[in-house]
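Heads up, the thing below is written out as structure tokens.
Both ligands and their constituent atoms are indexed starting at 1 by order of listing.
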Amino acid sequence: MRESVASLPPGLAEPAVVQTAWWMTRPIQFLECGRRRYGDAFTARFVGAERPFTFISHPDAIRALFTDSRHGLTSVRRARLASLVGTDSIFLIDSGPEHIERRKIVAPGFHGDRIRFSEGVVREVTEREIREWPRGSSFSICPRMQAITVEVIVRAVFGVTEPGRGRQLREMLEELLRRSRKPFQPSLHRLLERIDRLLFAEIAKRRAGDPAEGKDVMSMLVAARFEDGSPMTDREVRNQLMTLLLAGTETTAVSLAWAFDMVLRHPEVLARLREGEEDDAYLRAVVHESLRLRPIVLFTGRRLKSDLQVGEYTVPAGFDAAASPWLTHTRADLYPEPFAFRPERFLGRKPQTYAWIPFGGGVRRCIGAAFAEVEMRVMLDTVVRGISLSLVDPRPERLKPHGMVLFPRKGVPVRVGARVPHPRARVVEPV
Ligand code: HEM
């Protein structure tokens with residue numbers, strides 16, 4: 001063990017308790033300091049972690065980390081979610097055949113036709129939402145984005161379209177998201193029971209009818225069969241749905257809030273989005289650039305099953321290594337003027353797999369990535385073409401860590417201006 005530790009990338013010198021407090025309060029400053037002192041990779045020590053934790057940012061090391069499909073989950077990933085989504089959640093099952101089998105079942109819910117179906121839902125919900133924004137009013141855009149992403153999940157993923165039930169479920173899910181963010185949380189037991197009652201009733205309805213007919217993800221999960229021919233139990237269908245809610249709503253809403261923060265600070269980008277041509281290439285580039293400069297997930301970690309080579313160092317099997325989107329996305333060798341918001345860098349050029357990692361990578365790459373990108377494009381497009389918005393505060397939003405997610409500190413306060421009577425809808429391609 002002594003030999004292995006000696007070959008780790010260099011470590012921050014501060015005591016573990018200082019590193020932990022630093023990481024929890026100012027993670028970006030912490031990462032920047034590691035980069036300044038040690039370059040491409042460095043090792044941190046956190047209180048409560050059994051082993052040192054290595055951060056990497058070079059695409060070659062990230063490729064090596066993501067392409068070994070045997071690497072498992074870090075304990076950080078398990079900590080918060082198990083009580084809400086169950087241990088058979090696709091997010092929490094360790095890497096291996098069981099995880100792959102479940103991914104095969106869940107992933108088609110976020111491809112091709114189903115995304116096209118969801119796109120219509122996203123546009124309709126966003127148009128309705130902005131009609132309710134009075135001219136001259138000011139508010140933080142982040143919670144409004146979250147209201148939209150929750151409704152989209154309720155309708156497109158859970159498939160609950162009946163208005164009364166839909167509203168009830170939406171309100172309960174929003175409360176769950178709000179309360180689960182607080183550090184000291186009295187039991188969520190009662191709330192979860194109410195949500196479960198409604199979800200189990202919906203699952204029973206699908207089982208009684210022909211689930212293959214439904215376009216929503218819940219119908220798909222009910223109709224699905226494992227390789228041995230058995231279906232998912234109701235509890236597992238519920239657990240995968242709750243996973244999609246928790247993994248897919250706040251992440252998309254916060255990413256969108258950041259996208260608005262950046263677009264509204266760059267009038268030339270806003271003008272091009274509003275008046276640009278009908279194809280969605282520029283819109284797509286704006287979303288890619290915004291996810292580059294504001295990757296909201298702090299790191300994507302793995303518990304190593306084999307040694308990981310990082311330049312001249314080796315992180316041994318059994319240790320944790322994590323790709324840092326922030327460090328990778330702000331490397332000047334990959335992105336000249338890395339802190340400038342310049343969507344043009346992605347025009348006519350797809351993001352590179354191991355140099356653009358807002359959705360992680362390998363066999364655990366975000367299952368909803370394509371869905372999230374379409375949601376972001378449609379919501380951004382519908383808002384900027386449908387209504388005029390300006391920022392309340394000219395100063396850039398500051399980053400505020402909350403768990404693993406980087407929020408805009410003030411939620412991006414905006415002021416509502418004139419409405420555009422008949423915005424042209426842009427065709428947003430699903431892939
Ligand atoms: C902009 C929005 C989003 C961001 C930034 C994001 C980011 C991520 C990241 C970083 C991971 C971990 C990947 C890894 O370990 O390599 C992940 C996993 C996951 N995400 Fe997303 N996500 C977003 C939206 C969504 C949406 C819309 C859904 C579904 C409705 C979703 C469902 C999932 C699931 C199920 C996993 C676990 C995959 C697995 O372990 O196999 N995410 N996401």
Side-chain angles (χ1 to χ4, degrees), residues 62-63 65-69 71-74 76-78 81 85 88-96 98-111 114-115 118 121-122 145-146 148-150 152-158 173 216-218 220-221 239-259 287-288 290-303 320-326 328-329 353-354 356-380 403-407:
I62 293 172
R63 177 188 286 111
L65 181 70
F66 285 160
T67 49
D68 187 336
S69 59
H71 295 326
L73 299 175
T74 62
V76 181
R77 177 133 161 191
R78 297 179 201 284
L81 284 176
V85 297
D88 55 5
S89 152
I90 187 166
F91 199 78
L92 298 180
I93 301 178
D94 218 335
S95 308
E98 229 189 298
H99 171 249
I100 304 261
E101 194 175 14
R102 276 168 178 79
R103 264 188 86 103
K104 279 195 196 140
I105 289 182
V106 179
F110 300 98
H111 295 156
R114 290 191 197 254
I115 292 203
S118 308
V121 176
V122 179
M145 293 298 109
Q146 174 132 336
I148 298 176
T149 55
V150 171
V152 168
I153 289 270
V154 165
R155 286 175 51 178
V157 174
F158 291 20
L173 295 177
D216 54 275
V217 178
M218 184 188 297
M220 196 194 78
L221 294 180
N239 286 347
Q240 306 305 358
L241 290 171
M242 289 298 275
T243 303
L244 298 173
L245 169 83
L246 290 167
T249 49
E250 195 166 73
T251 43
T252 312
V254 174
S255 299
L256 264 159
W258 280 119
V287 168
H288 287 158
S290 144
L291 287 167
R292 178 192 72 83
L293 201 49
R294 290 291 180 269
I296 56 151
V297 176
L298 272 167
F299 65 80
T300 305
R302 300 283 187 268
R303 171 69 47 100
D320 290 333
S324 158
W326 174 271
T328 305
H329 293 182
T353 311
Y354 302 109
W356 186 82
I357 51 167
F359 297 110
V363 289
R364 303 219 69 120
R365 186 174 193 266
C366 175
I367 231 168
F371 180 76
E373 280 196 46
V374 167
E375 254 191 299
M376 288 183 70
R377 294 207 295 277
V378 173
M379 284 163 76
L380 198 56
M404 285 287 291
V405 174
L406 283 172
F407 284 76

### Task
Please report the C-alpha distance between I296 and E250 in whole Å, then the side-chain angles of each, then the deciding distance to 0.1 Å, and finally whether the side chain to side chain contact (heavy atoms under 4.5 Å, CB included) criterion is met.
CA-CA 10 Å; I296 56 151; E250 195 166 73; over 6 Å; no
### Message
Which residues pass the salt bridge (charged side-chain N to carboxylate O under 4.0 Å, His left out) test with R302, not counting sequence neighbours?
### Response
none
### Task
May I ask you to test the V85-F91 pair for a side-chain heavy-atom distance under 4.5 Å?
no
### Task
Using distance alone, determine whether R364 and ligand 1 share an N or O pair under 3.5 Å.
yes
### Query
Which residues pass the side-chain hydrogen bond (donor to acceptor under 3.5 Å, both in side chains) test with R364, sequence neighbours left out?
S95, H99
### Query
Is there a donor-acceptor contact under 3.5 Å from the side chain of Q146 to the main chain of T249?
no
### Query
What are the atoms of ligand 1, with element, lying closer than 4.0 Å to any heavy atom of T252?
1 (C), 2 (C), 24 (C), 27 (C)
### Residue R302 vicinity, atoms of ligand 1 by number, heavy atom under 4.0 Å
14 (C), 15 (O), 16 (O)
### Ligand-side contact atoms (ligand 1) for residue partner P358, heavy atom cut-off under 4.0 Å
5 (C), 7 (C), 10 (C)
### Closest protein heavy atom (residue, atom, distance) for atom 1 (C) of ligand 1
S255 OG, 3.4 Å
### Query
Any idea which atoms of ligand 1 are less than 4.0 Å away from a heavy-atom of I90?
35 (C), 39 (C), 40 (O)
### Query
Short list, please: which atoms of ligand 1 are under 4.0 Å from a heavy atom of F91?
18 (C), 19 (C), 36 (C), 37 (C)
### Message
Please enumerate all residues that pass side-chain contact (heavy atoms from CB on, under 4.5 Å) together with T328, with sequence neighbours excluded.
### Response
S57, I62, L334, I357
### Task
Return a yes/no value for R103: is any of its N or O atoms, backbone included, closer than 3.5 angstrom to an N or O of ligand 1?
yes
### Task
Measure from the side-chain N and O atoms of Q240 to the backbone N and O of D88, and report whether any donor-acceptor pair falls under 3.5 Å.
yes
### Task
For residues L241 and L221, determine if any side-chain heavy atom of one lies less than 4.5 Å from a side-chain heavy atom of the other.
yes
### Task
Indicate yes or no: does an N/O atom of G361 lie under 3.5 Å from an N/O atom of ligand 1?
yes
### Element-labelled atoms of ligand 1 that are located less than 4.0 Å from some non-hydrogen atom of F371
27 (C)
### Query
For ligand 1, which atoms sit closer than 4.0 Å to a heavy atom of H99?
39 (C), 40 (O), 41 (O)
### Query
What distance do R292 atom CZ and W326 atom CH2 have between them, rounded to the nearest 0.5 Å?
9.0 Å
### Query
Are V157 and F110 side-chain neighbours, meaning at least one heavy-atom pair lies under 4.5 Å?
yes
### Task
For the pair W356 and H329, name the ring-plane relationship: parallel under 30°, tilted 30 to 60°, perpendicular over 60°.
parallel
## Note on the structure
Ranked by distance from atom 40 (O) of ligand 1, the top protein heavy atom is R77 NH2, 2.6 Å
### Query
Any side-chain heavy atom of F371 sitting closer than 4.5 Å to one from R114?
no
### Task
Spell out the protein N/O/S atoms under 2.8 Å from atom 21 (Fe) of ligand 1 as residue plus atom name.
C366 SG
### Task
For the pair I153 and F158, evaluate side chain to side chain contact (heavy atoms under 4.5 Å, CB included) and give the outcome as yes or no after the intermediate values.
CA-CA 6 Å; I153 289 270; F158 291 20; 3.6 Å; yes
### Message
For Q240, state whether at least one heavy atom is located under 4.0 Å from any atom of ligand 1.
### Response
no
### Message
So is R102 touching ligand 1 or not, going by heavy atoms under 4.0 Å?
### Response
no
